[in-house]
Amino acid sequence: MSDPFVNAIARLVPEVPPHLVERPPDPALGDYALPCFALAKARRKAPPAIAAELAAELAPRLGEAQHQGAPLFTAVEAAGPYLNFRADAGQMARLTLPSILDGSYFQQNRAPAGGSRKVMVEYSQPNTHKAFHVGHMRNVALGDALARILAYNGQQVTAANYIGDVGTHIAKCLWFYQRHLGRLPKEKQTPQPGQDRGEWLGELYTAATLMLEDAPKEQREVYQKEVGQVLQQLESGQGEAHALWQETRAWSLESFQDIYRWLGARFDHWFYESEMEAGRRIVEEGLAKGVFIRSEGAVGADLEADGLGFLLVLKADGTTLYSTKDLALAEMKFDRFGMDESVYVVGAEQTLHFKQVFKVLEKLGYPQAGRSVHLAYGLVMLPEGKMSSRAGNVILFSALRERMNRFIVEHYLEAHRGDWRDEEIDETCRRIAVAAIRYGMVKQDPSKVIVFNLEDWLVAEGDTGVYLCYAYTRVQSIFRALGKFGRADADLTLLTHPTERALIRELHDFNRAAEAAARLMRPNLLAGTLFALAKAFSRAYAAVSVKNAETPALGEARLALFDAAGRVLKEGLELLGITPPERM
RNA sequence: GCGUCUGUAGCUCAGCUGGAUAGAGCGAUGGCCUUCGAAGCCAGCGGCCGCAGGUUCGAAUCCUGCCAGACGCACCA
């Protein structure tokens, strides 16, 4: 992927590396800018003088920069220390729009500069027997978007899920289920009609946790012993608890499938904590290699020398830990799946854990350890603070979906009832809700805490997924009104209105932004670009008309432009996991 | 105590890893629908970029030290 305009500037001014070429803050200044600071030393002059000198030098030679026999630039001038180039509007349109209309534009990033790599993106990682809430949505939105963006940029991506289907939390849930169900009000003792069974299990888990926390000390010890017995049964793979585990685990998995289906998230492979038995063997091998040591009856890696403390891999009672399973999982990814690179989309609170795991993998001799990345993201909070099951303010997936659906239908789609088929109303509603939630989760820098304000996200004006969808549907409405689509052979040189030029520029730069989002693993960069694109479209749409264009040829050119905008918008939204509706 | 992350407009956030006059959205103010969808567009208002030093021709961005918040630091995941 390379920009012919940037390449041309690089040829005209070979002393300056092309990556320095930037976009001026105001299109009135030009389309490309070359800062001359880097030349100050070599030329022993002040940057403004160099810019002026270069402008004078290049002006007569500007015609040398050509594409298909026509000049790429129409002007070059100095503005302070900057050398600004004005691109030929027709050339930029011709270099951009036809390739979008024939689809080839979307293949341009396929051959990455660094070569194609096999990369696994692991995300979501829900625990069975626990409730899935808005906080978990951030992970899915981020991971799924990243997987799509990397694939768009030519990486061989395997999207993986890693289900937490073993451990104390499950023992707690089943312990409550078997012994204390009676503590709940009658109607809560079984899943309510229409209630998701996985979510009901989550309620049991929460009830169990609160019950344990609230019990007086002696009583709590009795309870904990009971939970321990359940855990024992689970690990032995026998007994009533084990059978119950199998049954209820399936409920949770069904529930997750339902969520992913609604969100449109896909996984190529599902890992389960329950299948990570290789951990114990890895610990043995690590002990033999001296990577692990025994300490206070337990086994772990002393990483003090690396400033990473101590990573415990085997408890004193000989049982394995989260870390042990992570080592087994990494081994699977590298050895069985042949991954070159591994990305873990996991909350920022586990930063130290992953640094430790990667360090241990390195010591165990995995070269891929250096290409393992923990994509850390911040918490999802509510305006009133953190979500907590004790406070009872956790927004569960089903409640979120329900509230969004109701709002969207009431405020926007009800008007179409009867006119549209019910299935279309439902599907449009789903797409808008998914757009709102996914865009909201992904538009922010991953490292920052997100304050989730349901009302704001639903009202959804301005920089939101709904706005982007709306822009897309407006393009579609042009097609409906005119009964035709854009043609690549339109006379694109007619697109001279400032809003048209600005939109062309956004379209031209989309691939560059997609590449940066992949390289930096920050889907929010793509979200920002899409918003700028939708904004540029909306401006142009308000300023110029296809139907009432001054000439038919201009109308055709605008149709091609808006068609291209719609296609890039759709492609970009897909990279964020959002499928816009055709009308809304 | 040590470590990581975060402090930018009333609120929620961008700022392409050192460059032009720090940008958006929301809210509040004022405009724009007999013309392809007003879930939209336009205008003005709103800033000691947490504080103090330092590096540099040049700092919201890099370094140091404070202050505030979040998270983490051995048998939970």
Side-chain angles (χ1 to χ4, degrees), chain A residues 20 22-26 29 33 35-38 40 46-47 79-82 84 125 127 130 164 166-169 273 295-300 307-323 325-326 346-353 355-356 376 378-379 381 383 386 408 411-412 432 440 443-445 447-451 453 456 459-464 466-467 469-471 473-482 499 509 512-513 516-517 520 522 524-525 527-529 531-532 535 538-549 555 558-559 562 583-584:
Chain A
L20 288 182
E22 51 189 57
R23 191 160 139 185
D26 181 350
L29 291 164
C36 297
F37 305 99
Y82 291 88
N84 290 328
Q125 309 108 330
N127 282 328
K130 275 196 190 178
V166 291
T168 321
H169 74 276
E273 256 188 86
S295 167
E296 297 171 30
V299 178
L308 295 174
F310 191 89
L311 178 68
L312 200 68
V313 294
L314 222 52
K315 295 191 239 177
D317 66 6
T319 56
T320 61
L321 286 136
Y322 178 55
S323 54
K325 289 164 189 147
D326 258 347
V346 180
E349 65 278 3
Q350 291 188 43
T351 300
L352 176 61
H353 168 80
K355 279 185 184 166
Q356 292 175 325
L379 231 53
M381 306 231 306
K386 282 173 85 166
I408 294 165
H411 287 76
Y412 300 117
I432 293 171
K443 75 167 178 176
Q444 215 165 101
D445 187 286
S447 67
K448 291 195 178 178
V449 169
I450 284 184
V451 176
N453 185 334
D456 282 1
V459 173
E461 286 168 350
D463 186 7
T464 64
V466 179
Y467 174 80
C469 286
Y470 182 62
T473 60
R474 291 171 103 192
V475 174
Q476 306 316 305
S477 73
I478 301 173
F479 301 148
R480 271 195 296 275
L482 274 72
T499 61
D509 285 358
R512 195 159 269 267
L520 302 170
R522 282 176 52 192
N524 60 308
L525 296 179
T529 297
F531 177 66
K535 189 79 186 168
S538 295
R539 283 193 171 131
Y541 184 82
V544 303
S545 172
V546 176
K547 200 159 121 188
N548 301 319
R558 284 178 181 159
L559 186 60
F562 289 154
R583 53 180 183 172
M584 60 193 271

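Since the structure is predicted, the reported quantities are computational estimates derived from the model, not experimental observations. First the proteins, then the strands, lettered A, B, ... as listed; each starts at 1.
- No contact: A/Pro47 has no heavy atom under 4.0 Å from any strand.
- Rounded to whole angstrom, the span from the CG atom of A/Leu20 across to the P atom of B/U17 amounts to 10 Å.
- You'll find the side chain of A/Thr529 stays beyond 4.5 Å of the side chain of A/Arg512, heavy atoms only.
- The side chain of A/Met584 lies closest to B/A39, out of B/C42, B/A39, B/A77.
- Looking at which nucleotide of RNA chain B each of A/Ile450 and A/Arg583 is closest to, the 5′-most match is held by A/Ile450.
- Across all their heavy atoms, A/Lys443 and A/Asp463 have their closest contact at NZ-O, 3.0 Å.
- In this structure, CG on A/Leu308 lies 7.0 Å from NZ on A/Lys355, to the nearest 0.5 angstrom.
- Across all strands, A/Leu379 comes closer than 4.0 Å to no nucleic acid atom at all (heavy-atom distances).
- Across all strands, A/Arg23 comes closer than 4.0 Å to no nucleic acid atom at all (heavy-atom distances).
- For the pair A/Tyr467 and B/C41, the criterion of a side-chain N or O lying under 4.0 Å from OP1 or OP2 is met.
- Although no hydrogens or angles enter the test, the distance criterion places a donor-acceptor pair under 3.5 Å between the side chain of A/Thr464 and the main chain of A/Tyr467.
- Taking every side-chain heavy atom of A/Gln444 into account, B/A14 is the closest of B/G72, B/A14, B/C36.
- Within the 4.0 Å cut-off from OP1 or OP2 of B/A39, at least one side-chain nitrogen or oxygen of A/Tyr470 is found.
- Look at the C1' atom in both B/G18 and B/C49: the space between them is 15 Å, to the nearest Å.
- Within 4.0 Å (heavy atoms only), A/Val313 reaches no atom of the nucleic acid at all.
- Comparing the C1' positions of B/A43 and B/C48 gives a spacing of 28 Å, expressed to the nearest Å.
- Nearest-nucleotide assignment on RNA chain B puts the 5′-proximal partner with A/Phe37, out of A/Ser477 and A/Phe37.
- At a threshold of 4.0 angstrom between heavy atoms, the contacts of A/Glu273 are confined to the sugar-phosphate backbone, with no base atom among them.
- If you check every strand for non-hydrogen atoms under 4.0 Å, A/Ser447 touches sugar and phosphate atoms only.
- Between atom CG of residue A/Asn127 and atom CD of residue A/Glu273 there is a gap of 7.0 Å, rounded to the nearest 0.5 Å.
- Considering only side-chain atoms of A/Ser538, the nucleotide from B/G40, B/A74, B/C36 that sits closest is B/G40.
- Counting heavy atoms from C-beta outward, A/Ile478 and A/Arg558 have side chains that stay 4.5 Å or more apart.
- For B/U4, the base adopts the anti conformation, since its glycosidic angle falls more than 90 degrees from zero.
- Taking the C1' atoms as reference points, B/G30 lies 41 Å from B/C67, given to the whole Å.
- At the heavy-atom level, A/Phe531 lies under 4.0 Å from the strands shown only through sugar-phosphate atoms.
- Here A/Ala532 lies out of heavy-atom contact (under 4.0 Å) with every strand.
- Taking every side-chain heavy atom of A/Lys448 into account, B/U6 is the closest of B/G72, B/A20, B/U6.
- The side chain of A/Glu461 lies closest to B/A39 when the candidates are B/A38, B/A39, B/A74.
- Nucleotides B/U29 and B/G53, compared at atom P, are 41 Å apart to the nearest Å.
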Per-nucleotide protein contact along nucleotides 60-65 of chain B, 5' to 3', at a 4.0 Å heavy-atom cut-off (B base, S sugar-phosphate only, - neither), is ------
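- Side chains of A/Arg583 and A/Ser477 form no contact here, defined as non-hydrogen atoms less than 4.5 Å apart.
- If you take OH of A/Tyr322 and P of B/G72, they are 13 Å apart, rounded to a whole angstrom.
- For A/Ala481, whose side chain is taken as the heavy atoms from C-beta onward, the closest listed nucleotide among B/C41, B/C36, B/G37 is B/C36.
- Nucleic acid contact for A/Met381: none, since no nucleic acid atom lies under 4.0 Å from a heavy atom of the residue.
- Nucleic acid contact class of A/Lys443 (heavy atoms, under 4.0 Å, all strands): none.
- Legend: residues meeting side-chain hydrogen bond (donor to acceptor under 3.5 Å, both in side chains) with A/Gln350, ordered by chain and number and at least two apart, are A/Tyr322.
- Residue A/Ala316 is classed as a base contact, given a heavy-atom separation below 4.0 Å to a base.
- Dashed line: the shortest gap from a side-chain N or O of A/Lys355 to OP1 or OP2 of B/G3 is not under 4.0 Å.
- Comparing the same atom, P, in B/U61 and in B/G54 gives a spacing of 14 Å after rounding to whole Å.
- B/G10 and B/C45 have their C1' atoms separated by 12 Å, given to the nearest Å.
- Side-chain atoms of A/Asp326 stay outside donor-acceptor range of the base of B/A77, with no qualifying N/O pair under 3.5 Å.
- Note on A/Arg474: a side-chain N or O is less than 4.0 Å away from OP1 or OP2 of B/A38.
- Residue A/Val449 is in sugar-phosphate contact alone, with no base atom involved, counting any heavy-atom pair closer than 4.0 Å across all strands shown.
- In this structure, the nucleotide among B/C13, B/U17, B/G37 sitting nearest to the side chain of A/Val451 is B/C13.
- Look at the C1' atom in both B/G46 and B/G23: the space between them is 13 Å, to the nearest Å.
- Of all nucleotides listed (B/U4, B/C36, B/C41), B/C36 comes nearest to the side chain of A/Lys547.
- At a cut-off of 3.5 angstrom, the base of B/A39 holds no donor-acceptor pair with the side chain of A/Thr473.
- B/C13 atom C1' lies 14 Å from atom CG of A/Leu525, rounded to whole Å.
- Nucleic acid contact class of A/Thr319 (heavy atoms, under 4.0 Å, all strands): none.
- Distances shown here put a side-chain N or O of A/Lys535 below 4.0 Å from the OP1 or OP2 atom of B/C42.
- Both key distances under 3.5 Å define a Watson-Crick or G-U pair, and stretches of 3 or more such consecutive pairs in RNA chain B run B:1-7 with B:67-73, B:10-13 with B:23-26, B:29-32 with B:40-43, B:50-54 with B:62-66.
- If you check every strand for non-hydrogen atoms under 4.0 Å, A/Asn453 touches nothing.
- Rounded to the nearest 0.5 angstrom, A/Leu379 CG and A/Glu349 CD are separated by 6.5 Å.
- Between A/Glu22 atom CD and A/Asn84 atom CG the span is 9.0 Å, to the nearest 0.5 Å.
- Distance noted for atom P between B/U12 and B/A59: 29 Å (whole Å).
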